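The structure appears below as structure tokens.
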Amino acid sequence: MKIQLVKGTHDIFGQEMIYYQYIANALSALVEKYNYSKFDTPILEHASLFQRKNDSSDIVRKQMYIFNDLKNRPLTLRPECTPGVVRCLVNNNLNYDYPIKAYYLGPVFRYENPKYGTYRQFIQFGVENIGLNNVYVDIETILLSYKLLQQIKLNNLILKINSLGDLESREKYIQALKKFFAQFIQNMCDDCQERFKINPLRILDCKDLKDQKIIQNAPKITDYLNSESKNRFEKTKQMLAKLNIPYEIDENLVRGLDYYSHIVFEYQYINNKKINIGAICGGGHYDNLVSELGGPKISGVGFAFGIERIFNILKEENTLPKIDDNFDFIIMPINENNIEYCFFLNEKLKKLNYKTEVFFEKKSLKSMFHTIEKKNGKYAVIVGDNEIKNQEVIIKNMKSRKETKILIQDLEKKLIQLIKHEN
Ligand code: HAM
């Protein structure tokens, strides 16, 4: 029986896997330069890690995969990585050496409506810088996200920023939103009616066109920031300008998770074809998450990229680099009784650090050459009775078709010369 993929999931293999690895390696190499170290926290967590008191985000309320294990404990497949990293820091008392600079790469799960760039299982790459409540840490984190995008040549992105202020500013703002939306809420979508009850800030996120017209005239957070929050936002904007990082202020940017205060940011993709792929990266500053999860009262800042979305855009824009993943040598035993000899020759070539493969099945020369071409092999290594008798091999360059005989005892030295000469 043929089993289909679970809706919203996808297989990654072949050329696509090579590119996923390229993206992950490029991102990891740069964050390591900023002294981030890799954390690998479990995919499976207690649901309570995410379902914290008064959580109003759709991600936690509507998109989590939750199930009871055999002892009836509610568990979840993580919908994001930030709380897992914080839990790890708290459980392991990692609070002796602030800041903790963690990066991660792994699958996350959200029960969303699958569409182009939106999956139910996808891969996030992200960082968390936890311990200091300092505007320069926020700015350095945004700078890092910007440099990561440049590193992988993702240029057509617009950075949107907003400030959600501190708790005091936010509470005042939420009161103002309540007062404003109370006049219209009866005519707004069902989701907004629910958001109105739990957290009117979430209404700003609504994608319903009719509701957006109302949202346009809603009070703006910038008018409710107290002086400390205002100064902090000003400093961030000044520094982004000094760093030549273009940005737009989006006063409706509230982000899909509940723990943010002060700066929040997202990178969105702009293109001629008007493809809406969603945000490529999102992040922000958080003040209470660590203490809510049983740790000290310290702040953090971080962001996460969706690897699928990065890959889709690079593909769309034809900017994926050429990655040479060809076989160096494919060994062709001419007769069945040459196979064992080729088995050992294959091991010898691997010891010399070449990427090799051998035909273990009896095949005609024509069909072996055909396979080598299909696999993009650079050289065929031809071994028949004569070659074994003379302790030599014939190396055929698959592009130039030129053949060279090499004695087995000279293999190491002569292959280096041959490859150098022919490239
Ligand atoms: P987020 O904005 O929910 O933030 O997700 C980060 C990124 O994951 C998005 O910008 C997007 O590229 C990708 N993404 C989200 N949902 C999907 C989906 N269904 N399919 C494909 N890609 C998706 C967070 O998760 C926060 N933990 C980021 C953060 C770290 N904030 C502070 N520290």
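Atoms considered below: every heavy atom in the structure, side chains included; atoms not considered: hydrogens, waters and symmetry mates. Ligands are counted one by one from 1 in listed order, and the atoms in each one are counted from 1 as well. This structure is a prediction, so every number in the text was calculated from the model and none was measured.
- Every N/O-N/O distance between V301 and ligand 1 stays at or above 3.5 Å.
- Residue Y260 has at least one heavy-atom neighbour below 4.0 Å for each of these atoms of ligand 1: 26 (C), 28 (C), 29 (C), 31 (N), 32 (C).
- Looking from atom 24 (C) of ligand 1 to the surrounding protein, the closest heavy atom is L257 CD1, 3.6 Å.
- Considering each of Y267, F305, F122, the one bringing a non-hydrogen atom nearest atom 23 (C) of ligand 1 is F122.
- Within a 6.0 Å radius of CD in E412, no more than 12 heavy atoms belonging to other residues, nucleotides or ligands are found.
- For Q124, a nitrogen or oxygen atom sits less than 3.5 Å from a nitrogen or oxygen atom of ligand 1, counting backbone and side chain alike.
- If you number the atoms of ligand 1 from 1 as listed, the ones under 4.0 Å from a heavy atom of E112 come out as 16 (N), 17 (C), 18 (C), 19 (N).
- Every atom of ligand 1 is numbered from 1 in the order shown, and the set under 4.0 Å from a heavy atom of Y119 is 18 (C), 19 (N), 20 (N), 21 (C).
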Check step by step if side chain to side chain donor-acceptor pair (under 3.5 Å) holds for N129 and T141. CA-CA 8 Å; N129 187 330; T141 307; 4.6 Å; no
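- Among G283, G282, G306, the residue whose heavy atom sits closest to atom 13 (C) of ligand 1 is G306.
- If you number the atoms of ligand 1 from 1 as listed, the ones under 4.0 Å from a heavy atom of Y104 come out as 30 (C).
- Between K315 and E16, none of the side-chain N atoms (NZ, or NE/NH1/NH2) sits under 4.0 Å from a carboxylate O, so this pair counts as no salt bridge.
- Taking the six-membered ring for Trp, Y104 and F39 have ring centres at least 6.0 Å apart.
- Close approach to E128 involves these atoms of ligand 1, each under 4.0 Å from a residue heavy atom: 30 (C), 32 (C), 33 (N).
- Between Y119 and H10, the distance separating the two ring centers is shorter than 6.0 angstrom.
- Taking the six-membered ring where the residue is Trp, F360 and F343 present tilted rings, their angle falling between 30° and 60°.
- Atoms of ligand 1 found under 4.0 Å from any heavy atom of A279 (numbered from 1 in listed order, with element): 9 (C), 10 (O), 11 (C), 12 (O).
- In summary, the aromatic rings of F329 and F327 are positioned with their centroids too far apart to meet the 6.0 Å limit.
- Of the listed residues (R110, E80, H285), the one carrying the non-hydrogen atom nearest atom 3 (O) of ligand 1 is R110.
- Between the side chains of N346 and E357, not a single donor N or O lies within less than 3.5 Å of an accepting N or O.
- When the heavy-atom distances from atom 2 (O) of ligand 1 to K115, R255, E308, Q121 are ranked, the shortest goes to R255.
- Protein heavy atom closest to atom 21 (C) of ligand 1, with residue, atom name and distance, is G117 O, 3.2 Å.
- No heavy atom of G256 sits closer than 4.0 Å to any atom of ligand 1.
- With a 4.0 Å cut-off on non-hydrogen atoms, C281 touches ligand 1 through its backbone and not its side chain.
- If you run side-chain hydrogen bond (donor to acceptor under 3.5 Å, both in side chains) between Y103 and each of K38, E128, E32, only E32 comes through.
- Those atoms of ligand 1 with a heavy atom of I280 less than 4.0 angstrom away are 10 (O), 12 (O).
- Listed by number with element, the atoms of ligand 1 under 4.0 angstrom from any heavy atom of Y259 are 26 (C), 27 (N), 31 (N).
- If you check which protein heavy atom lies closest to atom 7 (C) of ligand 1, you get A304 O, 3.5 Å.
- For Y259 and Y286, the ring centers are positioned less than 6.0 Å apart.
- A cation-pi contact links K237 to F233, judged by a cut-off of 6.0 Å to the six-membered ring centre and 45° from its axis.
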